[in-house]
Amino acid sequence: MRRKLLLGNWKMNKTSAEAKEFALQSRPLAEKAKLNNIDLGVAPTNLSLATVKENASKDMIVSAQNVHFKESGAFTGEVSIPMLKEFNIDWVLIGHSERRAYDNETNEKCNLKIKALIANDMVPVYCVGETLDEFDAGKTKDVVGKQVREGLKDLTKDDVKKLVVAYEPVWSIGTGKNASTDIAQDVCKFVRDVLKELFGEVADEIRVLYGGSVKPDNIKAYLSCKDVDGALVGGASLKIDSYEALLNNIL
Ligand code: 13P
């Protein structure tokens, strides 16, 4: 049985002071989520990771939004795995479409990062999804299949047990233009089928999330889909009231 997972991606939002306030307010929510067998988390900016870890419930997942695959070196502006581990941060979003679009995050680079995270016993949340042009051209499964195969290249069955995959159609991110639940289910099932082909039955243990304009009023419909195990939420995760409503609507 796969546990439901609700993960907020704050992107480049919130100062440390704002992040701390949210972390303190989220404490009862993390307890409520735990009682209901739901994993709850947020992905703040690097500068707020430590304060959120310190002030949120210990049951709250605190995820970075990116990491470098090398341990140290001349990589200006980057953060390494040991730096995250020092603050007990063991989840990281990899290959978010905004990083793919603006920061040249290729499948190959994602693969290096995912392998480095797994070698360090950390949890990668590997983001995949097609652009509007690719969707319109009927290429969703070609693109997503390639992202999964190349991003997870050379991993073993044991490696992928802790992995989470998030399907986020780029055209639905921050646009209010939702993918239908049929599309979400179809592509999340497709992701699981590719995982099954690559890694066998362990694919049934891997959580596949949907992301893209998930709001309190539609989250339940997405999570009712058989192959959608949770949600990766941007805008609606920023305010504590909305975040609480997301959780309440999937209890
Ligand atoms: P929105 O929920 O704001 O559409 O963002 C989705 C997202 O990119 C989460 O990673």
Side-chain angles (χ1 to χ4, degrees), residues 4-14 18-19 22 26 29 38-46 48-49 52 60-67 89 91-103 105 107 110 113-114 117 123-132 134-135 140 143-144 147-148 151 163-181 183-185 187-188 191 207-223 225 228-250:
K4 282 185 202 162
L5 169 59
L6 171 58
L7 201 52
N9 174 11
W10 288 351
K11 308 188 179 186
M12 197 175 70
N13 291 292
K14 289 192 190 296
E18 291 163 348
F22 186 108
S26 73
L29 307 188
I38 295 174
D39 287 337
L40 187 69
V42 287
T45 68
N46 284 339
S48 299
L49 287 170
V52 174
M60 187 79 153
I61 293 166
V62 183
S63 171
Q65 298 176 11
N66 178 42
V67 75
I89 303 298
W91 285 57
V92 185
L93 306 184
I94 296 294
H96 190 278
S97 64
E98 287 145 19
R99 295 202 53 81
R100 289 181 188 266
Y102 311 134
D103 296 282
E105 191 102 321
N107 293 336
C110 292
K113 294 180 180 196
I114 290 169
L117 287 169
V123 183
V125 179
Y126 181 41
C127 305
V128 297
E130 81 287 6
T131 62
L132 182 58
E134 291 161 345
F135 175 76
T140 298
V143 172
V144 171
Q147 289 170 330
V148 173
L163 176 87
V164 175
V165 180
Y167 167 57
E168 300 201 299
V170 180
W171 47 271
S172 77
I173 294 179
T175 59
K177 222 163 107 178
N178 290 93
S180 66
T181 49
I183 294 178
Q185 163 59 22
V187 184
C188 288
V191 167
R207 289 183 285 189
V208 182
L209 315 182
Y210 170 75
S213 296
V214 174
K215 307 285 178 216
D217 65 358
N218 62 25
I219 190 167
K220 194 174 176 158
Y222 286 117
L223 267 76
C225 300
V228 178
D229 304 313
L232 183 56
V233 185
S237 75
L238 289 171
K239 294 239 162 67
I240 194 75
D241 290 352
S242 165
Y243 187 72
E244 181 168 14
L246 288 165
L247 174 65
N248 285 340
N249 290 350
I250 56 170

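Whatever order the structure lists them in is the order used to number ligands and atoms, beginning at 1.
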query: Considering only heavy atoms from C-beta outward, does the side chain of N249 approach that of P216 to under 4.5 Å?
result: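 In contact.
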task: Give a yes or no on whether the backbone of L238 and the side-chain of K14 come within a donor-acceptor separation of less than 3.5 Å.
output: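 Answer holds: yes.
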- prompt: Is there a donor-acceptor pair under 3.5 Å between the side chain of K4 and the backbone N or O of I250?
  reply: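 Yes, because the side chain of K4 sits within donor-acceptor range (under 3.5 Å) of the backbone of I250.
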Quick check on ligand 1: any N or O pairs to the protein under 3.5 Å? One line per pair.
{"unit_1": "ligand 1", "atom_1": "2 (O)", "unit_2": "G234", "atom_2": "N", "d": "2.9"}
{"unit_1": "ligand 1", "atom_1": "3 (O)", "unit_2": "G235", "atom_2": "N", "d": "2.9"}
{"unit_1": "ligand 1", "atom_1": "4 (O)", "unit_2": "G174", "atom_2": "N", "d": "2.6"}
{"unit_1": "ligand 1", "atom_1": "4 (O)", "unit_2": "S213", "atom_2": "N", "d": "2.8"}
{"unit_1": "ligand 1", "atom_1": "5 (O)", "unit_2": "K11", "atom_2": "NZ", "d": "3.3"}
{"unit_1": "ligand 1", "atom_1": "8 (O)", "unit_2": "K11", "atom_2": "NZ", "d": "2.8"}
{"unit_1": "ligand 1", "atom_1": "8 (O)", "unit_2": "H96", "atom_2": "NE2", "d": "2.8"}
{"unit_1": "ligand 1", "atom_1": "10 (O)", "unit_2": "N9", "atom_2": "ND2", "d": "3.0"}
{"unit_1": "ligand 1", "atom_1": "10 (O)", "unit_2": "H96", "atom_2": "NE2", "d": "2.9"}
{"unit_1": "ligand 1", "atom_1": "10 (O)", "unit_2": "E168", "atom_2": "OE1", "d": "3.1"}
{"unit_1": "ligand 1", "atom_1": "10 (O)", "unit_2": "E168", "atom_2": "OE2", "d": "2.9"}

task: Taking all heavy atoms of S213 and all of N218, pick out the closest pair and write down the distance.
output: O-ND2, 3.1 Å
task: Look at the aromatic rings of Y243 and F22 and report parallel, tilted or perpendicular, splitting at 30° and 60°.
output: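 Perpendicular, since the angle between the ring planes exceeds 60°.
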- prompt: When you look at Y167 and T140, which way does the side-chain contact (heavy atoms from CB on, under 4.5 Å) test go after all the steps?
  reply: CA-CA 11 Å; Y167 167 57; T140 298; 4.0 Å; yes
